[in-house]
Structure formats: structure tokens, C-alpha cells
Amino acid sequence: MSSSTVPWQLVSQSSLGREGSSGSLVPLEQDDINLEMQGLTKLSGAAGSERALQEFLQESALGTMDDHLVEFSEALRTVARALRSVAESKAHALGEAAEWKRKYEFECLRNLQHNKGEQSTFDVNDEDSLMTTSSENSVQELKLIRLRNGHCCGKDDICSQEILKEKDANSNVPNSDQCGKVLFTLAWGVANEKSRHHKHDVVSFESGNIRTAVRSSKQIILEWDSPPQSVFILTKPNSPPVQNLCNEMARWLKEEKGITVFVEPRVKKELSANADFNFVRSWESDEEILHLHTKVDLVITLGGDGTVLWAASMFKGPVPPVVSFSMGSLGFMTPFQSDHYKECLQTVMKGPVHITLRNRLQCRIIRACENEGVGDGQKKTTQAYHLVLNEVSIDRGASPFLTYLEVYCDNYFVTSVQGDGLILSTTSGSTAYSLAAGGSMVHPQVPGILFTPICPHSLSFRPLILPEYVTIRVQVPLNNSKHAWASFDGKDREQLKPGDALLCCMSLYPVPTACEEESTHDFLRSVREGLHWNLRKLQSVDRLRDGLY
């Protein structure tokens with residue numbers, strides 16, 4: 001039994017052991033399970049945090065990418081708006097250019113039809129019908145006429161001037177005196193380098209930025225399309241050396257160059273005694289002088305600045321290029337030396353050559369009608385006007401009393417002048433009477449009008465330089481009993497009575513003078529050599545510094 005019991009017990013014990021163990025193992029298994037669950041929880045928590053971290057990083061990356069995309073899209077929209085604005089501005093500019101071109105072609109075609117005198121079935125004032133019915137032949141003929149008459153060819157060159165017709169319809173000038181004009185072209189020179197490209201606009205406002213056009217080191221260069229065919233020689237009177245040089249130069253121009261030579265009637269009369277000078281030409285009436293610029297390609301002066309002023313006064317409109325040889329006492333506008341006139345003239349006629357555009361003042365006197373017997377409160381304008389290259393001066397004349405003048409600038413009252421008078425000068429005349437009255441020396445190509453009082457009755461009355469586009473009116477008050485006198489380049493004096501006024505503005509026709517080197521160099525050299533500007537005796541300190549002792 002024991003044996004059987006033992007196994008049973010054994011079995012029982014083992015079963016009990018299993019039960020006991022099972023009873024004691026239950027909590028162990030639960031702890032393991034709890035541990036496993038905690039581990040799984042931790043693992044799952046770690047996995048969740050990792051996923052959260054990844055999601056957070058992904059969200060952060062997406063948020064950053066979204067911010068960059070927003071900024072990039074804003075930048076693209078800004079660029080698109082800028083491009084759209086540029087495109088609209090360009091389209092607007094092209095539209096305006098096309099409109100102006102269409103209007104210009106319309107005017108040219110209408111003038112062409114008017115000049116041809118054709119009887120058309122359409123109205124020449126109707127733009128649409130005229131532009132529609134204009135044929136290609138008319139357009140080509142218009143271009144040829146435009147080039148033949150000296151209009152701009154449409155290239156980047158600066159056309160010199162509009163060549164006037166050789167004979168006016170109402171002119172009585174004989175055809176035998178007509179000579180073909182030689183055309184020339186003007187170009188800009190920047191830093192002593194010639195450039196055909198030029199810009200008419202002075203101020204540019206591209207992209208909303210205002211800036212001025214480049215103007216530094218810019219000169220004007222003349223180029224002949226063909227060699228000059230005619231010259232006009234003006235001489236200083238009562239000077240045997242000048243007369244001898246004129247004879248020699250005229251013979252050389254005719255025999256060596258085959259150029260037609262014009263002289264004044266006074267000079268032609270002196271040369272008529274010699275049969276060798278029958279080739280020289282002149283004029284017989286004042287009406288022919290008005291058309292002299294259509295016959296002459298080049299003007300040559302032999303004398304000083306006074307001869308240049310006389311030459312400029314002979315042309316009431318366009319002035320041909322002027323070559324001035326120094327044969328006077330003082331010359332600011334005569335850069336060429338007469339000893340080498342052949343080399344100088346060959347250089348000028350061959351071209352290209354620098355020129356200085358010397359502006360002129362156009363002056364007109366307006367008379368009070370009460371002085372003319374017309375009536376009160378009205379004025380009468382004189383028909384004749386004066387063109388001055390240096391200055392117009394208004395002074396008290398022989399009166400011992402101070403002159404009293406009222407000055408207006410574009411109808412705006414500026415000041416009253418009490419003193420000996422007033423000078424209105426060009427920049428070319430800044431080294432003449434204006435300089436003696438205390439004005440400043442100004443480069444001749446600076447656009448402006450010098451306003452210089454003569455011995456004013458006020459120490460604070462200083463000279464001014466006004467812009468070239470203004471119109472100045474100098475008037476003698478009606479309640480003033482004193483008269484004034486106006487002189488134009490030192491001649492043609494006219495009296496200004498109470499109520500009279502002098503209108504002064506810049507002329508459209510400058511005087512182009514040839515330069516020996518270039519405009520600024522010639523101006524500074526004339527100031528140093530002619531006026532001995534800043535010339536002083538060397539002191540001992542200067543001599544020691546220069547090594548003279």
C-alpha cells in the first residue's frame with residue numbers, strides 16, 4: 001500500500017506540488033505578466049513617443065516648408081506685378097510713339113499733297129482717308145523729299161539744321177546766284193571719342209527713378225557729307241595785312257580747291273581793279289543777304305572778335321560754320337592762327353572738327369502807343385528785331401541822372417534797377433562788357449542768360465545767371481521822366497522812352513564756331529592768354545619751391 005501509496009503520494013505529492021506550485025506560481029506568473037505588460041507598455045509608449053516625435057518633426061518640416069513656399073509665392077507675385085508694370089509701360093510708350101509717328105506721317109503727307117498741288121477726291125484734313133489712300137510711291141517720294149530738304153533721316157545722328165529752300169516763292173533773287181548747299185552731320189563727342197548715338201531726353205524716369213542724361217565731357221563734332229563748295233570771307237577793314245591775306249586765301253581756295261568765294265561788296269570793289277579776282281562773288285541788295293545762308297557752306301573771318309560779331313549780325317537766321325583767324329588785338333572767339341591758314345582750312349574742310357554752339361539773344365522793342373500817337377493803354381511792337389552774340393545793354397546814355405528800369409522774367413516782376421544801366425549777356429559775351437561790370441566768366445556752351453547791373457545804387461545788387469528758356473522784359477516806367485538807351489553788341493543804339501519795353505529771349509539760331517582742339521580747351525586758353533587770368537609775379541617761396549634759386 002505504501003508502495004502504491006508512495007507513487008500515489010508521489011503522484012499526489014507531485015500533483016500537490018503542482019497544485020502547490022500552481023498555487024504559488026500563480027502570483028509569479030502574474031508578476032511576470034505585469035512585468036511583460038509594463039515592458040510592452042513602455043515599449044508601446046516609446047514607440048508612440050517616437051512616432052509622435054516623427055510626426056512632430058514632419059509637421060515642423062511641413063510648417064517650415066509652408067512658410068518658405070508662402071514667401072516664395074509672395075516673391076513670385078511681386079516679380080509678376082513688376083513685369084506686368086514694365087510690360088504695360090512699354091506698351092504705353094510704344095503706343096504713344098506709334099501715335100506720334102502716325103501724326104507726323106499724316107502732316108508730312110498732307111504737306112506733300114499741298115506742295116504737289118494735286119486735286120484729290122478726299123479731304124486732306126481727314127487723317128484716316130489720307131493715310132488710307134497714300135500709296136507706296138508717295139511714301140518713298142516723301143522720304144526722298146525729306147532727305148533732300150535736310151530733314152532728319154531717322155538715324156541716330158544729330159541733323160545739323162533744316163536746310164531752307166534755295167529760293168523763296170516770293171523772292172526776286174536770280175537763279176544764277178543760287179549754289180547748292182553742302183549737307184553735314186553733327187555727332188556727340190564723349191570723353192574726346194566720337195559717338196553717333198545721342199539721347200534727346202534730358203531727364204529719364206525709368207522704374208520710378210529720376211536721373212539726368214549723361215552730359216560730362218560732351219562736345220559737338222561736325223562731319224561734312226561732302227567737301228564745302230562755297231565760302232564767305234569777311235575781313236577787318238582798313239588793315240593792309242588782312243587785305244593781303246584775303247587776296248592770297250581767295251586765290252588759293254579758287255585755284256587749288258575749286259571753291260566759290262563770296263566777299264562783301266566793299267572787298268569786291270577793292271579787288272575789281274585786278275582782273276585776276278573776277279571769280280569772286282558778292283551781293284547787290286539787302287534781300288540777297290537774307291538768303292546768303294543758302295549759298296554759303298563755310299564762313300571765314302580775318303580779324304578779331306569784332307569781325308566775328310559782324311559776321312554773326314549778317315545772318316538773321318541759320319548761320320553756317322564759322323572759322324575765325326586771329327588778326328585783331330584781342331580774340332576770345334578766334335582760335336586759329338593766320339600763318340597756317342592752309343593747314344587749318346584743310347583740316348576743317350576735311351573734318352571731323354569740334355565746334356562750339358554760341359547762343360544768340362533775340363531782342364525786340366515794344367513801343368508805347370501813346371508815344372506813337374495810336375492811343376492810350378496800348379502798345380506797338382516794332383517789326384525789326386536784333387540778334388546779339390555778346391550782349392544787349394540798357395544805359396542812361398548822356399543823362400546825368402540814374403536810370404530807373406523795371407525787370408520782369410516770364411511776366412513775373414523781378415526787381416527795379418537803379419544805376420547806370422543793365423547788361424543782358426550771352427555766355428559767349430561773359431568775357432566782354434559783362435565781365436567789366438563785375439559778371440562772371442562762363443563757358444560759352446553753358447545755356448544761360450547773364451543778368452549784370454552796371455554800377456547799381458545798391459551794394460547787394462549782385463549779378464545773376466538765369467536759365468536760357470526764360471523771356472526777360474526790361475521796361476521804362478510810364479511815370480519816369482528819364483529816357484534810356486539800348487545798344488546791341490555795341491551798335492544800333494535805340495532810345496527807350498517811358499512806357500517802352502525791351503523783350504529778350506534766346507534765339508533758335510546759334511553761331512557754330514570751329515575749334516582748334518575742342519571747346520573747353522579753346523575757352524580756357526583764351527582766358528589765360530587773352531585776359532592773363534590768375535597771372536601774378538612769382539614770390540620768393542614759389543621760386544624756392546620751383547628750384548629757380
Side-chain angles (χ1 to χ4, degrees), residues 160 184 186-189 191-192 194 217-224 228 231-236 239 241-242 245-246 248-249 252-253 296-315 319-360 389-390 425-432 434-435 441-446 489 510-535:
S160 58
F184 54 85
L186 298 183
W188 289 117
N192 294 328
K194 184 180 66 176
S217 301
K218 186 176 291 185
Q219 299 90 29
I220 302 178
I221 302 173
L222 181 144
E223 291 184 2
W224 300 98
V231 298
F232 177 31
I233 303 178
L234 285 96
T235 61
K236 176 183 178 181
S239 177
V242 171
L245 180 61
C246 177
E248 181 182 348
M249 184 180 296
W252 177 76
L253 288 173
V296 176
D297 299 324
L298 189 66
V299 177
I300 301 175
T301 64
L302 305 178
D305 289 346
T307 309
V308 179
L309 295 178
W310 173 248
S313 65
M314 298 189 65
F315 296 91
V319 184
V322 179
V323 181
S324 304
F325 290 93
S326 178
M327 298 190 71
S329 58
L330 183 64
F332 289 94
M333 296 181 286
T334 55
F336 297 97
Q337 300 299 320
S338 59
D339 297 338
H340 309 284
Y341 75 90
K342 295 182 180 180
E343 293 80 0
C344 295
L345 290 179
Q346 287 177 350
T347 301
V348 171
M349 291 187 291
K350 181 181 179 181
V353 61
H354 289 269
I355 64 171
T356 300
L357 292 182
R358 300 182 180 272
N359 291 317
R360 294 190 290 178
L389 182 58
N390 268 356
S425 171
T426 65
T427 52
S428 295
S430 64
T431 54
S434 176
L435 180 63
M441 291 185 294
V442 187
H443 192 285
Q445 287 196 172
V446 175
D489 277 341
V511 178
T513 58
C515 303
E516 186 178 17
E517 294 189 21
E518 56 93 16
S519 180
T520 302
H521 183 276
D522 288 358
F523 171 71
L524 295 177
R525 184 183 61 184
S526 65
V527 169
R528 288 195 304 266
E529 297 179 358
L531 292 178
H532 304 291
W533 179 61
N534 198 28
L535 181 63

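For the numbers below, each heavy atom of this structure counts, side chains included, while hydrogens, waters and symmetry mates do not.
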Next item on the list: Of all the heavy-atom pairs spanning Pro321 and Leu222, show the shortest one and how long it is.
Entry: CG-CD1, 3.6 Å
Margin query: Using side-chain heavy atoms (C-beta onward) and a distance below 4.5 Å, is Val511 in contact with Phe315?
Written below: no
Checklist line | Minimum heavy-atom distance Val446-Thr427, with the two atoms named | finding: O-CG2, 3.0 Å
Notebook entry, point to check: Which residue pairs pass the salt bridge (charged side-chain N to carboxylate O under 4.0 Å, His left out) test when at least one of the two sits in residues 519-528, sequence neighbours left out?
Noted result: Glu516-Arg525, Asp522-Arg525
Next item on the list: Please name the pair of heavy atoms, one in Ala514 and one in Pro335, separated by the smallest distance, quoted to 0.1 Å.
Entry: O-CG, 3.7 Å
Checklist line | side chain to side chain contact (heavy atoms under 4.5 Å, CB included) partner of Asn390, the single match among Thr431, Asp489, Asp305 | finding: Asp489
Check: Roughly how far apart are Thr235 OG1 and Leu302 CG, rounded to 0.5 Å?
Finding: 6.5 Å
Next item on the list: Over 60° means perpendicular and under 30° means parallel, so classify the ring planes of His443 and Phe523, tilted if in between.
Entry: tilted
Next item on the list: Measure the spacing between OG of Ser526 and NE2 of His521 and express it to the nearest 0.5 Å.
Entry: 10.5 Å
Check: Can you check whether His340's main-chain N or O pairs, donor with acceptor, with Gln337's side chain at less than 3.5 Å?
Finding: no
Margin query: Quick one, Val322 and Met333 - any side-chain contact, counting heavy atoms below 4.5 Å?
Written below: no
Note to self: Give me the atom names and distance for the closest heavy-atom approach of Leu234 to Trp310.
What the structure shows: CD2-CD1, 3.5 Å
Notebook entry, point to check: What is the ring orientation for Tyr341 with Phe325, classed by angle as parallel under 30°, tilted 30 to 60°, or perpendicular over 60°?
Noted result: perpendicular
Notebook entry, point to check: Given side chains that start at C-beta, do those of Leu253 and Ile233 come closer than 4.5 Å, heavy atoms only?
Noted result: yes
Check: Do you know the tightest heavy-atom contact between Gly429 and Ser434?
Finding: O-CB, 4.0 Å
Notebook entry, point to check: Can you tell me how far CG of Leu298 sits from CH2 of Trp224, rounded to the nearest 0.5 angstrom?
Noted result: 5.0 Å
Margin query: Using every non-hydrogen atom in the two residues, find where Leu389 and Ala312 come nearest and quote the distance to one decimal.
Written below: CD2-CB, 4.1 Å
Next item on the list: Only counting residues at least two apart or in another chain, list the ones meeting side-chain contact (heavy atoms from CB on, under 4.5 Å) with Ser428.
Entry: Arg358, Thr426, Pro444
